[in-house]
There are 2 protein chains.
Amino acid sequence: MGIMDERKFRILQAIIDDYILTAVPVGSRTISKKYDMGLSSATIRNEMSDLEELGYLDQPHVSAGRIPSAKAYRLYVDQLLQAGLLHSDSEDAVRAHFRGRRRQMEDVIDHAAQVLSNLTHYTAVVLPPTGPQPRIRTVQLVPVNDGAALVVIVTDSGIVRDTVIRVSDQLDSDTLYAISKTLTAELRGRTLQEAVELLPALTGRLKENERLLQGLNAFLNESSGVSRPRVAIGGRSNILSYPEYNDMEKARSFLTLMETRDKLASIIAQQGEMAFTVRIGPETGVPEMADCSIVTATYSTRSGQQGTIGVIGPTRMQYSRVLSILNTMGHQLTELFAENNLQEPEQK
Amino acid sequence: MGIMDERKFRILQAIIDDYILTAVPVGSRTISKKYDMGLSSATIRNEMSDLEELGYLDQPHVSAGRIPSAKAYRLYVDQLLQAGLLHSDSEDAVRAHFRGRRRQMEDVIDHAAQVLSNLTHYTAVVLPPTGPQPRIRTVQLVPVNDGAALVVIVTDSGIVRDTVIRVSDQLDSDTLYAISKTLTAELRGRTLQEAVELLPALTGRLKENERLLQGLNAFLNESSGVSRPRVAIGGRSNILSYPEYNDMEKARSFLTLMETRDKLASIIAQQGEMAFTVRIGPETGVPEMADCSIVTATYSTRSGQQGTIGVIGPTRMQYSRVLSILNTMGHQLTELFAENNLQEPEQK
DNA sequence: GTTAGCACTCACCGGGGTCGAGTGCTAACT
DNA sequence: AGTTAGCACTCGACCCCGGTGAGTGCTAAC
């Protein structure tokens with residue numbers, strides 16, 4: 001009796017499909033009529049009763065229909081993932097949106113989040129690529145002012161970091177250039193981390209420029225540390241269109257969460273090497289998202305860094321559509337970063 | 001009968017105060033009791049009737065209290081502004097939030113928006129400074145890759161713009177430096193706009209580097225154009241706490257508006273030279289904000305550029321509090337940019 | 001000019017009744 | 001044994017309704 005057979009599965013699937021579409025508890029009659037399996041409502045009822053016992057269905061109250069549990073969704077997407085991604089029809093839509101010229105990293109990220117939310121009608125999150133410590137390729141000092149210079153560090157992943165530091169007044173453009181060459185020679189090929197450690201060793205060579213080294217040190221320290229990823233978010237307010245978020249309190253706490261970028265980033269961040277992650281309801285581990293699902297995919301850059309794109313929506317998400325969109329979007333981004341062999345700096 | 005006298009004004013003030021606090025239509029009895037002016041409810045009623053005729057009060061339905069009209073708020077804040085800003089007690093709170101070290105421009109902007117929304121409990125918007133065309137101080141090319149270089153342009157307002165452009169393969173670091181010096185010599189003191197026009201004249205001098213000039217040209221063109229200001233927003237979801245936005249549809253359209261940065265920026269952007277702007281309800285000129293008010297203030301940088309900070313909330317906003325907070329916040333930002341005489345680059 | 005009094009209006013609230021979708025169970029049918 | 005028709009039952013959604021109370025406008029008296 002209690003075992004999950006082929007027919008139960010088909011019924012469950014129908015229930016999930018219907019619920020995803022309507023957000024209304026679905027009854028036995030609906031299934032037997034709209035999804036013509038040659039069974040009467042009574043039979044469906046029996047099966048549904050079994051499915052509830054197995055934990056795949058919940059009943060909000062005695063005389064409403066059933067709604068799928070988190071466990072049901074889990075089963076659903078697992079099957080979906082196994083079967084391979086279905087209709088990749090959205091491919092064109094995604095492609096079309098990337099026609100425009102690729103701009104700076106941040107713009108690409110923002111744009112991607114925008115597109116993703118437009119296509120899915122859910123909230124979209126895009127994390128910039130992170131990965132193996134980038135290695136320094138060039139260090140250059142640009143005069144800004146008397147007593148101030150801009151440090152530009154170019155790394156092999158193309159990411160440019162810069163900041164203004166104070167230097168002693170007497171340094172003119174040529175001197176700065178000479179120092180730049182020394183620094184480049186010494187630090188090339190190192191990670192930022194290593195550079196921090198190496199810096200004291202250079203104090204001898206450049207001891208007249210104590211101030212400069214001091215500033216440089218502070219900058220490197222900061223950059224090498226937790227380089228807070230500037231996550232891009234799109235379609236924050238999309239969630240409000242879904243009846244499960246008609247409750248103001250819920251909506252508020254969700255949107256507040258969306259505002260704390262750091263927290264959001266850590267929630268989204270991919271851990272494993274998997275192409276896709278689907279976290280359903282409680283699996284998100286975030287109380288505010290008790291009835292949300294998070295679907296993420298990865299993309300990568302030429303230099304092997306990995307970024308994450310994700311979609312957040314109600315548990316009754318159109319998983320198949322979302323997965324397919326995420327898939328092509330991931331490919332597009334990967335392509336974008338590949339063809340574009342000189343990688344743009346990450347800022348405005 | 002129809003003229004606005006001192007007593008009417010006091011009554012109107014009481015009504016506004018009460019409504020701002022409670023968001024509930026306020027009746028004659030409430031006024032005569034809570035705000036002890038030596039008048040009976042009947043008298044208040046008569047006055048209220050007059051005030052309604054004058055257009056300062058609205059009546060949602062016959063037997064509810066009155067609520068202040070946009071015209072009433074207008075009068076209220078005008079009087080507030082004339083009287084000078086009241087209790088600047090929030091000064092400390094603002095100060096406290098700026099203790100931390102000032103970081104890059106974008107961070108400052110973000111942080112300011114955050115603080116502003118926390119203090120006011122409304123939605124806050126901060127526009128980065130814009131102003132007279134910045135003038136070029138230095139142009140420098142930094143090698144990134146074979147065939148690619150980073151262009152860094154430092155302007156007198158300290159803003160640094162950069163991008164990666166393609167150059168011919170044979171250019172090594174020293175050659176790039178030489179070209180940089182030429183470019184700097186030629187372009188120093190020009191605005192970006194002027195630089196675009198001057199560039200063709202340089203083609204003779206640097207004709208071997210057609211590619212470089214081409215890239216530089218594109219970059220300058222882009223930068224000198226509409227440099228879309230990266231507006232920072234804080235407390236987007238705060239608006240949801242106010243009963244006037246209990247309607248989901250309204251909330252949605254508001255939040256959607258908040259997501260289109262460009263539009264928002266153009267709404268917020270200060271036109272005049274005034275220290276404060278208060279736009280109430282219809283005065284905003286944005287249908288989505290029919291029952292919002294926008295209060296803005298300006299701050300300025302050492303080099304005379306001006307930025308805008310603003311707060312968006314329901315029409316029954318705590319104007320006095322908000323004005324006072326905006327005031328000190330503006331001062332703080334101005335101070336911050338003044339002491340900090342080397343201005344930080346505007347990017348990450 | 002102010003106030004007490006009064007009739008009137010109308011949103012809001014809670015109770016009761018109806019409706020209908022949906023269930024669980026039983027008995028009959030294949 | 002599995003499937004189905006039938007039926008009683010449950011319970012939320014909706015509507016109607018009268019009571020309540022805050023608030024008004026008007027009038028007459030102070």
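Sequence lines set the chain letters: A, B, ... in the order given, protein chains first and strands last, and positions in each chain run from 1.
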Next on the checklist: Any strand counts, and the cut-off is 3.5 Å on both contacts for Watson-Crick or G-U wobble. Which nucleotide pairs with D:dC16?
Outcome noted: C:dG15

Next on the checklist: Using the side-chain heavy atoms of A:Gln59, tell me which of these nucleotides is nearest: C:dA4, D:dT4, C:dT23.
Outcome noted: C:dT23

Checklist outcome for this item: Closest to the side chain of B:Ala42, out of C:dA4, C:dA11, D:dT4, is C:dA4

Item to check | side-chain N/O A:Ser28 vs C:dT23 OP1/OP2, d < 4.0 Å | outcome: yes

Checklist entry - Which of these, A:Arg66, A:Arg10, A:Arg7, sits in a salt bridge (Lys or Arg N to Asp or Glu O under 4.0 Å) with A:Glu47? => result A:Arg7

Item to check | Between P of C:dC25 and CD1 of A:Ile44, the distance in whole Å | outcome: 18 Å

Item to check | Heavy-atom closest pair, residues A:Met317 and A:Ile312 | outcome: CE-C, 3.9 Å

Checklist entry - Between D:dT24 atom C1' and B:Glu47 atom CD, what is the distance in whole Å? => result 15 Å

Checklist outcome for this item: Rounded to whole Å, CG of A:Asn46 lies from P of C:dG22 at a distance of 17 Å

Item to check | N/O donor-acceptor pair, side chain A:Arg45 with base C:dG24, under 3.5 angstrom | outcome: yes

Next on the checklist: In this structure, how many angstroms lie between the C1' atom of D:dA22 and the CZ atom of B:Arg66, rounded?
Outcome noted: 13 Å

Item to check | Contact summary for B:Gly65 and B:Pro60, nearest pair of heavy atoms | outcome: O-CD, 3.4 Å

Item to check | For atom CG of B:Asp18 and atom P of D:dG23, their distance in whole Å | outcome: 10 Å

Next on the checklist: Closest approach to the side chain of B:Thr30, judged atom by atom: which nucleotide of D:dG23, C:dG22, D:dT4 is it?
Outcome noted: D:dG23

Checklist entry - Between B:Met48 (CE) and D:dC26 (P), how many Å, whole number? => result 14 Å

Checklist outcome for this item: Residues B:Arg252 and A:Ser241: closest non-hydrogen pair is NH1-OG, 2.9 Å

Checklist entry - Quick one: A:Lys34 NZ to C:dA21 P, roughly how many Å, whole number? => result 14 Å

Next on the checklist: From CD of A:Glu53 over to C1' of C:dT23, roughly how many Å is that when rounded to an integer?
Outcome noted: 15 Å

Item to check | Nucleotide nearest A:Arg7 (side chain, heavy atoms from C-beta), chosen from C:dA4, D:dT3, C:dG24 | outcome: D:dT3

Checklist entry - Can B:Tyr35 and B:Asp17 be said to form a side chain to side chain donor-acceptor pair (under 3.5 Å), step by step? => result CA-CA 10 Å; B:Tyr35 305 79; B:Asp17 284 344; 5.8 Å; no

Item to check | Shortest side-chain distance from B:His61, nucleotide among D:dT4, C:dA11, C:dT23 | outcome: C:dA11

Checklist entry - Closer to the 5' end of DNA chain D via nearest nucleotide, is it B:Gly27 or A:Thr43? => result A:Thr43

Next on the checklist: Quick check on B:Arg29: does its CZ atom have over 12 non-hydrogen neighbours (other residues, nucleotides or ligands) under 6.0 Å away?
Outcome noted: no

Item to check | Phosphate OP1/OP2 of D:dG21: any B:Arg29 side-chain N/O under 4.0 Å | outcome: no

Next on the checklist: Suppose we call a contact any N or O donor and acceptor under 3.5 Å apart; does that hold for the side chain of A:Ser63 and the base of D:dT10?
Outcome noted: yes

Item to check | Mate of D:dA29 where both pairing distances stay under 3.5 Å, Watson-Crick or G-U | outcome: C:dT2

Checklist entry - Counting side-chain heavy atoms from C-beta on, which of D:dG25, C:dT3, D:dC11 comes nearest to A:Val62? => result D:dC11

